[in-house]
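For the single chain, residues carry numbers from 1 onward in sequence order. All ligand and atom numbering here is 1-based and tracks the order in the structure. The figures that follow rest on heavy atoms only: side chains count, while hydrogens, waters and symmetry mates do not. Here the structure is a predicted model, which means the values were calculated and not measured.
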Amino acid sequence: MQRSTSRVTENAQERSPRHNSSVQQNHLNPEREKKLVFLSARVHPGESPASFICQGVIDFLVSQHPVAQILRDHVIFKIVPMLNPDGVYLGNYRCSPMGFDLNRHWQDPSPWAHPTLHAVKQLIVQMNQDPRVSLEFYIDVHAHSTMLNGFMYGNVFEDEERVQRQAVFPRLLCQNAPDFSFSNTSFNRDVVKAGTGRRFLGGLLDDTSYCYTLEVSFYSYMTAGSTAPVPYTEETYTKLGRNVARTFLDYYKLNNLIKDNRPIHIQSSEVMSQTSNVNRKGNGFGRDAADKEKEKSMGIRH
Ligand SMILES: [Zn+2]
């Protein structure tokens, strides 16, 4: 999937006449600035599943699905579907054309050596200073070469309450996506990851923001009901993307930004799952801690 570009895409709501209605809504809730969600993918060019996830997010957000319409009315989504387009064009697995792993250069990207990263970082810094918006989520989408399922990496903080808040989105996603594993999700501050988007922006953005790396297996997922790993397909990757997008509604409902006044038939019982009778406790999918240790000793990166 090489047709995406690194151009930052804006959601349709910003350009549409309906923008006026969202301004009115902001007027009705003067204490709230507009929430902003920023997604990026393919900083590692070989991780093509990330593009299918990104495609699923975009397809859902621009659709006529009632949940998507509500999200567009309340939240701005900025999406960079391909952070390393030249690396993708060249068929690189991990690096830029000059041999840099861009996901280790967030701290001080050079406009000459890391132009796409430099531009995206500048945009994020600029948006973070814009008083009209609150940059609340940054999610960088990757694919993982050994783990099963979808899962996330998040940051750890001194503030326990912030740590707890950070676990909310992955827990909600776990309820919506049977192939997403909360048990594989982990929070760390490894020195080796200091130059990643998730780590760097976790330190830059304010305390109410959430920065994650969203990983998805290159090959398979297990759900509570499955006895063997199920191979991922383009469709199931895309479905995970759609579930990521719709989880923002659950999150913002929980935080009272969005009142749940949707018709009954589109409330939370209608979930895009791969299976209908899933154990939704978010436990036990995929690999366990021992596998993660093994991965560490093998020096596997993501
Ligand atoms: Zn990666």
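A cation-pi geometry, defined here as NZ or CZ lying under 6.0 Å from the six-membered ring centre and within 45° of its normal, does not hold between Lys35 and Tyr252.
The N, O or S atom of His142 lying closest to the Zn ion (ligand 1) is ND1. The N, O or S atom of His44 with the smallest distance to the Zn ion (ligand 1) is ND1.
Contact annotation: Glu47 places an N, O or S atom under 2.8 Å from the Zn ion (ligand 1).
Electrostatic pairing of Arg165 and Glu136 does not count as a salt bridge here, judged by no charged N lying under 4.0 Å from a carboxylate O.
Side chain of Thr233 to main chain of Glu235: a donor-acceptor pair is present (N/O by atom type, distance under 3.5 Å, no hydrogens or angles).
Each of Ile139, Thr185, Asp250 was compared with Phe169 under the side-chain contact (heavy atoms from CB on, under 4.5 Å) criterion, and only Ile139 meets it.
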